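This report concerns only the one structure given below.
Everything numeric here is computed off the predicted structure, so don't read it as measured data. Remember, it's 1-based here, ligands and their atoms both numbered in the order they're listed. Start at 1 with the first residue, then count along the sequence.
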Amino acid sequence: MGGYTLIEHAPLGARNTLRVAARARLLAEVRDAAKLPELLDFPAVRGAPRLVLGEGSNLLLTGDFDGTVIAMDTRGVQVEQEGEVARIAVAAGERWDDFVRWTLGQGYAGLENLILIPGTVGAAPIQNIGAYGAEVAEFVESVEAWDTRERRVAVLDRAACAFAYRDSRFKREAGRYIVTAVRFALPRAHALRLGYAGLREELARMGVDRPAPFHVAEAVVHLRTKKLPDPAVIGNAGSFFKNPIVPAAQGEALKRAQPGLAAWPGADGHWKLSAAWLIEAAGFKGLREGDAGISNRHALVLVNHGHASGGELWALAQRVIAGVEAAFGVRLEPEPLVVGGP
Ligand code: EPU
């Protein structure tokens with residue numbers, strides 16, 4: 001059968017960066033997105049639960065998946081239009097960081113703050129990946145997806161994607177769209193985003209006083225490598241909790257009670273609070289229960305020290321959520337998709 005491979009009772013340990021040793025009843029490795037409709041019509045697939053996977057870097061499997069895991073292994077980068085702004089169509093299965101490095105090598109700007117984020121290009125718009133003062137949404141022209149409800153290819157422009165902080169239409173209408181490609185609009189030059197804490201200092205340390213996009217990328221690599229545990233060394237899914245957004249009055253009251261709280265007042269009557277600060281202040285940084293833990297390098301990161309099950313990791317995460325709520329009255333939400341059996 002061309003275009004995809006089916007594997008029964010497939011191990012997923014190498015397909016999620018938290019390294020949870022769960023299995024899928026059926027795994028479909030898709031190399032040709034045009035074959036998705038055929039695959040979805042397959043008797044064993046139709047009607048069963050579905051989980052679409054890129055690199056599994058934003059996923060906690062709490063148990064075996066009793067359905068079909070669709071792994072998007074498609075490849076391809078196509079420059080559709082050159083010029084001051086390039087239009088580049090990229091297959092969902094391409095590795096995000098490889099693509100970012102390629103754009104910088106071609107002299108395109110925009111994605112430099114988003115270097116070294118694990119995961120695939122197709123996953124990037126789903127949770128609107130962001131780091132160091134930039135979000136992917138700004139550079140997405142459109143997203144191509146298979147619309148499982150309407151049974152047709154859909155092309156959603158940026159507005160239709162309804163991007164927000166670590167959120168999009170693809171997340172809110174979970175299960176409806178299978179992202180097959182992303183079209184980016186990347187400028188040759190743009191105003192660099194240097195405002196995020198630590199970035200200017202890192203550039204100064206590097207001795208760079210007139211930064212180009214690749215300098216910014218290098219600075220971000222230094223900062224991320226210093227702060228975040230490497231999933232190749234210890235299982236993790238990056239930030240496990242979103243930074244909570246609360247009404248300004250609640251943010252102000254918390255800041256009065258906890259002057260050290262890291263928080264960012266927004267223009268819209270809301271504050272974004274540092275979940276890492278809240279978790280650390282509640283005493284959970286570096287905590288370990290069996291092989292499940294909270295990183296001692298960054299309090300937002302749930303880590304698997306070896307053989308933690310998905311259930312053990314989820315139990316620890318829930319303990320953190322309950323502890324932070326008891327201490328500060330703020331309910332944290334997981335950033336990754338949490339899915340699986342009991
Ligand atoms: N902090 C602590 N304890 C810690 C770590 C941080 O108190 O252990 C406090 C510090 O005061 C720091 C503040 O939290 O100033 C913010 O920390 P950091 O700059 O590391 O950023 P973050 O808000 O914790 C977010 C993203 C990251 C992204 C960084 C940099 C979310 C959920 N996380 O983390 O994204 O790399 O900003 O832009 O928005 C991811 O989503 O997987 C991810 C890693």
Side-chain angles (χ1 to χ4, degrees), residues 16-18 54-60 96-97 100 111-120 123-138 163-168 171 193-202 216-217 219-231 234-246 251 254-255 258-266 270-287 293-303 317 320-321 324 327-328 330-338:
N16 71 96
T17 61
L18 268 167
E55 261 180 37
S57 58
N58 200 49
L59 171 72
L60 171 57
W96 173 259
D97 186 51
V100 170
L111 304 183
E112 58 276 359
N113 297 45
L114 304 178
I115 196 165
L116 212 62
I117 297 182
T120 59
I126 294 175
Q127 65 146 340
N128 184 19
I129 56 171
Y132 297 93
E135 287 185 345
V136 74
E138 300 167 59
F163 290 118
Y165 167 63
R166 294 298 190 278
D167 198 21
S168 72
K171 227 174 158 175
R193 222 61 58 74
L194 305 177
Y196 197 89
L199 207 43
R200 279 206 174 82
E201 293 79 351
E202 184 59 28
V216 177
V220 168
V221 168
H222 292 161
L223 291 174
R224 288 186 71 96
T225 316
K226 246 186 285 176
K227 277 198 213 173
L228 294 167
D230 179 355
I234 182 163
N236 75 83
S239 295
F240 191 83
F241 302 98
K242 288 193 269 193
N243 286 327
I245 295 171
V246 300
L254 267 169
K255 185 78 185 171
Q258 310 284 340
L261 170 69
W264 304 273
H270 285 82
W271 280 33
K272 194 190 263 186
L273 311 179
S274 162
W277 190 95
L278 296 168
I279 293 167
E280 184 168 350
F284 292 113
K285 190 171 181 174
L287 173 75
I294 297 295
S295 171
N296 56 11
R297 301 179 63 179
H298 200 300
L300 267 191
V301 185
L302 185 70
V303 291
V320 171
I321 292 172
V324 166
F328 302 111
V330 177
R331 189 159 179 85
L332 297 180
E333 282 175 23
E335 181 187 285
L337 181 64
V338 179

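- Remark: distances from the non-hydrogen atoms of R224 to ligand 1 include one below 4.0 Å.
- For atom 8 (O) of ligand 1, the closest heavy atom belonging to the protein is K285 NZ, 2.8 Å.
- In plain terms, the two heavy atoms of A299 and A276 that are nearest each other are CB-O, 3.5 Å.
- Residues W271 and L254 have side chains not in contact (no heavy-atom distance under 4.5 Å, counting atoms from C-beta outward).
- When only interatomic distances are considered, the shortest N/O to N/O separation between R297 and ligand 1 does not fall below 3.5 Å.
- Taking a distance limit of 4.0 Å, we find that atom 10 (C) of ligand 1 is approached by no protein heavy atom.
- Of the N or O atoms in L228, none lie within a sub-3.5 Å distance of an N or O in ligand 1.
- Among all heavy-atom pairs drawn from Y196 and G133, the shortest one is CD1-N, 3.7 Å.
- With ligand atoms numbered from 1 in the order given, ligand 1 contributes 4 (C), 8 (O) to contacts under 4.0 Å with heavy atoms of A299.
- What sits closest to atom 40 (C) of ligand 1 on the protein, heavy atoms only, is S239 OG, 3.2 Å.
- Considering both main-chain and side-chain atoms, W264 never comes within under 3.5 Å of ligand 1 through any nitrogen or oxygen pair.
- Residue D230 comes nearest to N236 through the heavy atom pair C-ND2, 3.8 Å, listed as atom of the first residue, atom of the second, then distance.
- E202 is listed as a side-chain neighbour of K226, based on a closest heavy-atom distance under 4.5 Å.
- Nearest protein heavy-atom contact of atom 34 (O) of ligand 1 is L300 CD1, 3.9 Å.
- Side-chain contact between L273 and L261: present, with at least one pair of heavy atoms (C-beta onward) separated by less than 4.5 Å.
- For ligand 1, the atoms sitting less than 4.0 Å from at least one non-hydrogen atom of N243 are 23 (O), 31 (C), 32 (C), 39 (O), numbered in the order shown with element in parentheses.
- The main-chain N or O of A275 is found under 3.5 Å from a side-chain atom of N243 such that the two form a donor-acceptor pair.
- For atom 26 (C) of ligand 1, the nearest non-hydrogen atom of the protein is R166 NH2, 3.4 Å.
- Short contacts between ligand 1 and E335, defined as distances under 4.0 Å to a heavy atom of the residue, involve ligand atoms 31 (C), 32 (C), 40 (C), 41 (O), 42 (O).
- Counting heavy atoms under 4.0 Å from ligand 1, residue Y196 touches it through the side chain alone.
- Looking only at side-chain heavy atoms (C-beta outward), L18 and L59 stay at 4.5 Å or farther from each other.
- Contact atoms of ligand 1 toward W277: 2 (C), 7 (O) (distance under 4.0 Å to a heavy atom of the residue).
- Every atom of ligand 1 is numbered from 1 in the order shown, and the set under 4.0 Å from a heavy atom of A262 is 11 (O).
- Checking atom 42 (O) of ligand 1 against the protein gives a heavy-atom contact under 4.0 Å.
- The distance criterion of under 3.5 Å between nitrogen or oxygen atoms is met by E280 with respect to ligand 1.
- With ligand atoms numbered from 1 in the order given, ligand 1 contributes 42 (O) to contacts under 4.0 Å with heavy atoms of G238.
- Closest non-hydrogen pair, E138 versus A134, comes out as OE2-CA, 3.7 Å.
- Of all the listed residues (H298, K242, E135), H298 holds the heavy atom that lies closest to atom 17 (O) of ligand 1.
- Counting the atoms of ligand 1 from 1 in the order shown, those under 4.0 Å from a heavy atom of S274 are 9 (C), 13 (C), 14 (O).
- Nearest to atom 6 (C) of ligand 1 among the protein's heavy atoms is A276 CB, 3.5 Å.
- For atom 38 (O) of ligand 1, the closest non-hydrogen atom of the protein is Y132 N, 2.6 Å.
- Ligand 1 lies within reach of Y165, whose nearest heavy atom is under 4.0 Å from it.
- For the atom pair K227 NZ and H298 NE2, the distance stands at 5.5 Å (nearest 0.5 Å).
- Interface atoms of ligand 1 facing F241, defined by a heavy-atom separation under 4.0 Å, are 32 (C).
- How far CG of N296 is from NZ of K285: 7.5 Å, rounded to the nearest 0.5 Å.
- Closest non-hydrogen pair, N113 versus Y132, comes out as ND2-O, 2.7 Å.
- Taking both residues in full, the closest heavy atoms of A317 and F241 are given as O-CZ, 4.0 Å, listed atom of the first, atom of the second, then distance.
- Within the model, atoms CD of Q127 and CZ of F163 stand 11.5 Å from one another, a figure rounded to the nearest 0.5 Å.
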